[in-house]
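This report refers to the structure that appears directly beneath it.
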Amino acid sequence: MQNHTMQALSPKELNYITDSITNEELLIKQCAATASITHNPQIQQALNHYVRSHEQHLNTLVNALQQHQSLAPAQVSN
């Protein structure tokens, strides 16, 4: 069995994750807002499905950051 140890994320990887979190939050808001104003039940159902899907993506990204938080170097305040 291989031993998989986590390595600290690079600044570029952290930026990708934070950008993705921002994008997922925006998609959740847009889908929820559109679902709340549409009168077509099928479209509303599809949009609510997308909200749940993007919430799962958001949780995955946040969990990834939390798992790597202990590996991140401490930042020094100036």
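The basis for the numbers below is simple: all heavy atoms, side chains too, and nothing from hydrogens, waters or symmetry mates.
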Point-to-point distance, once rounded to the nearest 0.5 Å, from [atom1] of [X] to [atom2] of [Y]:
X     : Y     : atom1 : atom2 : result
Thr34 : Ile43 : OG1   : CD1   : 10.0 Å
Leu26 : Cys31 : CG    : SG    : 9.0 Å
Gln30 : Glu25 : CD    : CD    : 12.0 Å
Leu9  : Gln67 : CG    : CD    : 10.0 Å
Leu61 : Thr18 : CG    : OG1   : 10.0 Å
Asn63 : His68 : CG    : NE2   : 12.0 Å

Are [X] and [Y] joined in one hydrophobic group, where the rule is that I, L, V, M, F, W and Y side chains link up if heavy atoms are under 4.5 Å apart?
X     : Y     : answer
Ile17 : Leu27 : no
Leu14 : Ile21 : yes
Leu58 : Tyr50 : no

Hydrogens and angles aside, do Ser10 and Glu13 bring a side-chain donor and acceptor to less than 3.5 Å of each other?
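Side-chain D/A pair, Ser10 to Glu13: present.
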If we check side-chain contact (heavy atoms from CB on, under 4.5 Å) with Arg52, which of these qualifies: Gln56, His54, His49?
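It is His49; the other options fail the test.
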Indicate yes or no for a side-chain donor-acceptor contact from Gln44 to the backbone of Ala35 under 3.5 Å, with no hydrogens or angles considered.
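Answer holds: yes.
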